[in-house]
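Quick notes on the structure that follows.
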Amino acid sequence: MSIEVRNITKHFGDFVALDNVSLEFPTGELVALLGPSGCGKTTLLRIIAGMEIADAGEVHFHGEDATQRDVRERKVGFVFQHYALFRHMTVFDNIAFGLRMKPRAERPSKEAIKDKVMALLKLVQLDWLADRFPAQLSGGQRQRIALARALATEPKVLLLDEPFGALDAKVRKELRRWLRRLHDEIHVTSIFVTHDQEEALEVADRVVLMNHGRVEQLGTPAEVYDTPASPFVFGFLGHVNLFHGRAHDGWLHVGDVALEAPDQAGAANAPAVAYARPHEIELDRYSPGQQGIRVQLLRALAFGSVARLELEREDNSELIEVEIPTELYRKLALIEGESLVVRPKKMQVFLDPRAAAQAGAPTIAGST
Amino acid sequence: MAGATTILTKPVAGASVAIDVQRNRRSTEEHPAVKWGLIGLAVAFMLLFLIMPLVTVFFEAFRKGVGVYLAALSEPEALSAIKLTLLIAGIAVPVNLVFGVAASWAIAKFDFRGKALLITLIDLPFSVSPIVSGLIYVLVFGAQGWFGPWLQAHDMKVIFAVPGIVLATIFVTFPFIARELIPLMMAQGAEEEEAAIVLGASGWQTFWYVTLPNIKWGVLYGVILCNARAMGEFGAVSVVSGHIRGQTNTMPLHVEILYNEYQFAAAFAVASLLALLAFVTLGLKSFVEWKARAEHEILPLEAPRT
Amino acid sequence: MSRRTRHNVLPGFNLAMGYTLFYLGLIVLIPLSAAFIKTFALTWAQFWGAVSTPRVVASYQLTFGASLIGAAINAFFGLIVAWVLVRYTFPGKRILDALVDLPFALPTAVAGIALTALWAENGWIGSLLKPLGIKVAFTPLGVVLALTFIGLPFVVRTVQPVLEDLESELEDAAASLGATRWQTFVHVILPTILPALLTGFALAFARAVGEYGSVVFIAGNLPMKTEITPLLIITKLEQYDYNGATALAVVMLLFSFVLLLLINVLQWWANRRAGRES
């Protein structure tokens with residue numbers, strides 16, 4: 001079942017949680033709503049579920065207007081951030097709950113409920129836990145039971161609120177893969193909310209990036225990572241180096257170095273910022289006449305396959321982070337304290353009227 | 001790597017110091033003399049103030065023999081006092097239970113303005129003197145009160161009659177159940193209820209299958225305390241009852257009358273029943289606390305909302 | 001995120017809230033307002049006359065004085081009882097713990113006659129004190145005694161949880177820095193539990209001021225000497241002096257409200273001190 005939201009707006013007092021958001025979620029896809037906390041992603045999920053009512057806008061399920069539909073009538077599966085398992089019920093009773101609450105006429109027989117619950121427990125690979133109570137399960141197990149419970153009533157839509165947020169890193173990674181495989185198996189239209197960019201990029205078919213109640217970008221993981229539509233997206237998806245300078249006639253002037261910026265052919269001496277990921281920067285040992293930004297190698301973390309180098313610009317002391325293959329690092333035989341030059345191989349330049357004001361700001365942005 | 005090794009050894013040394021502190025707990029323990037002195041003081045204080053009075057009740061009750069004791073309990077006025085006390089608790093506890101559940105549902109599961117004020121107002125009867133609690137009902141329903149003339153014209157009586165006793169008892173026991181349930185339900189949050197609703201349960205189904213099982217010990221706890229106060233209330237009831245023997249005398253009032261008539265053995269006999277009630281209350285209370293704690297351990301609260 | 005109005009999918013708010021307000025108004029607010037409305041009908045001179053006669057003032061002195069002393073005794077012994085129950089194990093501890101709530105559970109009239117029988121001149125304890133020339137029953141001392149009895153659980157039950165939450169690391173730290181056990185108690189433990197102790201003290205005091213049942217039997221009820229304010233209200237009622245009784249009730253109500261406010265502030269402070277605001 002496809003989902004569409006049109007012009008959704010939601011305020012909490014003075015706070016704008018969602019600002020005229022319109023999105024389409026095609027049938028059978030697994031979509032991530034990604035953004036920092038407070039960006040409105042959870043509110044949007046709850047509005048789709050019918051647990052929150054939008055100030056304005058519409059929600060359509062399969063082309064039908066469902067805006068006025070009660071949460072119970074929307075028949076969505078919802079997985080809560082802290083699972084919200086019924087703590088006084090066994091795992092079995094938790095999963096059977098939705099079926100048992102149906103009106104008598106629609107309610108399956110006891111045997112049918114039992115078969116269904118056991119099938120679901122097999123699906124989430126926890127059939128041996130049927131008689132346990134939620135408190136006796138690990139976090140990852142609880143998460144899977146919450147998912148099985150949501151699937152019991154055969155929802156056409158599955159909504160997950162930070163499904164892995166409360167788990168430790170190792171379990172999170174396992175469950176991520178497991179959720180992806182499960183989705184490939186059952187193919188229910190699914191939306192999950194996360195603030196973890198790695199999680200979104202790894203699991204989802206498509207990613208919706210949100211900030212301050214607005215959609216910043218929508219696309220496949222490769223699209224949003226490789227061609228971020230805004231400085232925010234660039235900063236939010238992985239590490240990035242910022243080069244403040246002036247765009248003029250297809251060139252970006254950073255310090256006394258000119259970098260090619262064909263996108264900004266029309267710019268005339270405008271403040272601009274270039275964004276380049278650490279692995280999109282090439283570097284060389286400094287020798288007079290070398291083109292590039294002069295830096296000093298502060299520290300090198302050369303283990304694993306990638307060497308991470310911390311560099312300090314010689315003109316303004318801003319930090320630059322560069323990643324090169326460890327092999328290359330060894331071959332270059334660089335020493336900490338040495339002078340180098342760096343050149344972005346690939347970068348994206350955004351005009352920024354406030355760039356001048358931010359000249360003193362640290363140049364490494366991003367999140368892990 | 002050599003640098004890293006030295007860094008690693010430091011926390012290990014720190015840990016061993018910590019273990020020493022653990023083993024040598026003496027430093028944060030009192031000298032045995034101090035310890036046992038304090039225990040002795042606490043026990044002596046409780047012996048003097050709590051246990052001795054309790055023993056006195058039973059001693060005085062049986063002082064003149066079991067025959068007098070049983071006679072005091074089986075005389076018609078005592079029986080009618082017992083019946084009236086049970087009747088009043090039987091009305092006051094259920095109405096306050098319904099109120100407590102409704103109030104805690106509204107307060108704990110929803111957000112609205114003035115919540116703190118509402119909680120304070122619910123607690124208000126606790127800070128009102130029992131005498132004043134009785135008096136305000138006299139002002140409303142008494143012969144000189146707001147509805148007095150109207151009640152008289154319709155040949156109805158509230159003050160110096162059972163309805164007045166019931167009302168005064170409801171007032172003094174008003175907050176008991178609500179104040180147990182409000183913090184409990186607030187701590188539990190509303191996620192489980194939301195989950196039930198999303199899974200298609202109706203409001204009543206959600207309350208019955210999800211909320212109630214989670215608060216059952218809290219409900220029972222509140223009911224026990226509410227009942228003890230309802231059966232034992234003296235001051236408020238004394239103001240509105242009129243002390244009509246066989247009609248508006250509750251057990252505590254009956255105790256007072258017998259005592260003032262110097263029928264000490266009979267007074268303490270009826271008092272011993274109320275003391276038994278206190279024992280049962282304390283026992284049940286401890287049981288419920290233990291039970292709730294045990295279930296809390298098996299079924300701990302999930303992490304609260306972020 | 002959407003923290004502010006999260007729960008609007010749950011049904012029953014209007015019903016539950018409506019019933020709560022209706023019942024609260026009917027049982028508590030309207031009757032309580034009756035006392036104030038009745039008092040507003042009095043002139044200031046009438047009101048002042050009713051609440052400031054020497055007999056009334058003597059009753060205030062006894063009621064508040066005995067309540068303060070009782071609450072202070074409870075603050076001291078209640079702290080010791082709470083400390084012993086939290087920190088030590090000894091035989092009979094669980095029964096003792098359960099017994100702390102006895103004054104909540106025992107009807108006040110029963111407590112009243114039991115205390116009287118015990119401390120009267122011919123009682124077990126009273127007869128021991130008589131040769132020493134100490135009279136307890138039917139003197140202000142008896143009032144203090146009864147008010148100590150009914151206030152005991154308040155201090156113990158407010159201090160106990162705070163003591164339980166107290167991190168033993170703090171005491172370890174103090175000991176490792178060279179503090180003696182007594183210094184640790186005075187400088188580390190006491191400041192931490194002080195808000196709770198004061199809250200318990202205020203609760204015990206508030207309860208004592210309004211108390212009636214456990215006091216009237218042991219007090220002797222002599223005007224100007226051992227007559228508490230609640231009893232005076234009853235006396236005025238029995239003399240059909242509704243105005244006088246109501247005026248006194250309003251004084252007590254106002255005092256209760258001020259105390260309630262104070263207790264709320266103390267509790268807020270206690271929670272902050274315990275780091276529970278997050």
Side-chain angles (χ1 to χ4, degrees), chain B residues 21 27-28 30 35 38-39 41-43 45-46 49-50 52-53 56-57 60 99 102-103 105-106 109-111 121-122 124-125 127-132 135-137 139-140 144 146 170-171 174 190 193-194 197 203 228 232 234-235 239 252 255-256 259 267 271 274-275 278 281-282 285-286, chain C residues 4-5 7 9-13 16-17 19-20 23-24 27-28 31-32 34-35 38 77 80-81 83-84 88 90 96 98-99 101-102 105-111 113-115 117-118 148-149 152 168 171-172 175 181 206 210 212-213 230 233-234 237 242 245-246 249 252-253 256 259-260:
Chain B
V21 172
S27 59
T28 54
E30 288 76 42
K35 173 183 163 179
L38 287 173
I39 293 176
L41 209 56
V43 170
F45 181 72
M46 287 184 67
F49 274 86
L50 301 180
M52 291 279 282
T56 308
V57 171
E60 295 285 343
F99 162 74
W105 179 266
K109 304 287 181 192
F110 299 87
D111 285 330
L121 288 178
I122 288 174
L124 207 55
S127 53
V128 174
S129 168
I131 298 305
V132 178
L135 172 77
I136 57 177
Y137 283 95
L139 295 179
V140 175
Q144 307 215 339
W146 288 349
I170 291 175
F171 180 92
F174 185 87
E193 280 81 4
E194 280 182 349
I197 297 278
F234 177 66
V239 175
V255 169
E256 184 199 18
Y259 188 84
L274 290 168
T281 300
L282 291 184
K285 186 174 161 290
S286 297
Chain C
R4 262 158 277 193
T5 42
H7 318 316
V9 286
L10 296 184
F13 177 70
M17 193 65 186
Y19 182 69
T20 300
Y23 189 73
L24 179 72
I27 297 291
V28 178
L32 269 181
K38 177 116 183 142
F77 283 100
I80 293 175
V81 170
W83 177 271
V84 161
Y88 307 138
F90 54 93
L96 217 59
L99 267 181
D101 287 321
L102 183 73
L106 192 70
T108 51
V110 178
I113 62 170
L115 287 172
L118 199 56
T148 306
F149 172 84
L152 172 69
S168 62
E171 289 165 58
D172 288 337
R181 200 64 198 129
Y212 173 73
I233 295 178
I234 287 212
L237 262 186
Y242 287 95
T246 310
M252 294 204 67
L253 276 175
S256 307
L259 259 186
L260 190 68

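Labels below follow one simple rule: chain letters A, B, ... track the order of the sequence lines, proteins then strands, and each chain is numbered from 1. Everything numeric in this text was worked out from a predicted model, so none of it was measured.
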Engaged part of B:Leu38 at the chain C interface, taking heavy atoms whose separation is under 4.5 Å: both
Heavy-atom contact with chain B under 4.5 Å, split by part of C:Leu237: side chain
Region of C:Met252 that comes under 4.5 Å of a non-hydrogen atom in chain B: side chain
Choice from B:Val128, B:Val255, B:Leu135, B:Val57 maximising heavy atom contacts with chain C below 4.5 Å: B:Leu135
Distance, nearest 0.5 Å, that separates CG of B:Leu121 from OG1 of C:Thr20: 12.0 Å
Chain C contact via B:Glu256 - which portion, at a heavy-atom distance below 4.5 Å: both
Leading residue by heavy atom contact count with chain B [cutoff under 4.5 Å; candidates C:Leu115, C:Leu259, C:Leu152]: C:Leu152
Greatest number of heavy atom pairs closer than 4.5 Å to chain B - which of C:Ile80, C:Leu99, C:Ile113, C:Leu96: C:Ile113
Non-hydrogen atoms of C:Ala114 and B:Pro53 that approach each other most closely: CB-O, 3.4 Å
Nearest heavy atoms of B:Pro125 and C:Val28, plus distance in Å: CG-CG2, 3.8 Å
Proximal component of B:Met46, with respect to chain C [non-hydrogen, under 4.5 Å]: side chain
Heavy-atom contact with chain B under 4.5 Å, split by part of C:Leu260: side chain
Choice from B:Ser127, B:Ser286, B:Ala228, B:Pro130 maximising heavy atom contacts with chain C below 4.5 Å: B:Ser127
Geometric class of the C:Tyr212/B:Phe234 ring pair [parallel <30°, tilted 30-60°, perpendicular >60°]: parallel
Straight-line distance of B:Ile122 CD1 to C:Ile27 CD1, nearest 0.5 Å: 13.0 Å
Residues in side-chain contact (heavy atoms from CB on, under 4.5 Å) contact with C:Ala105, at least two apart in sequence or another chain: B:Ala278, B:Thr281, B:Leu282
Qualifying residue, where the test is side-chain contact (heavy atoms from CB on, under 4.5 Å) with C:Val84 and the options are B:Ile39, B:Leu41, B:Val43: B:Ile39
Whether B:Phe174 and C:Tyr23 hold their rings parallel, tilted or perpendicular, with breakpoints at 30° and 60°: parallel
Heavy-atom contact with chain C under 4.5 Å, split by part of B:Phe49: both
Reported CG-to-CH2 distance for the pair C:Leu10 and B:Trp105, which is rounded to 0.5 angstrom: 5.0 Å
B:Ser129 versus C:Gly210, closest heavy-atom pair with distance: OG-O, 2.7 Å
Toward chain C, the part of B:Phe171 with a non-hydrogen atom under 4.5 Å: both
Taking every non-hydrogen atom, the tightest pair across C:Pro31 and B:Ile136: O-CB, 3.3 Å
Which residues share a side-chain hydrogen bond (donor to acceptor under 3.5 Å, both in side chains) with C:Tyr242, sequence neighbours left out: none
Minimum heavy-atom distance C:Leu102-B:Leu50, with the two atoms named: CD2-O, 3.6 Å
Heavy-atom contact with chain B under 4.5 Å, split by part of C:Ala34: both
Choice from C:Phe149, C:Phe77, C:Tyr19 maximising heavy atom contacts with chain B below 4.5 Å: C:Phe77
Gap separating the CD1 atom of B:Ile131 from the CD1 atom of C:Ile233, nearest 0.5 angstrom: 7.0 Å
Minimum heavy-atom distance C:Pro11-B:Phe110, with the two atoms named: O-CZ, 3.6 Å
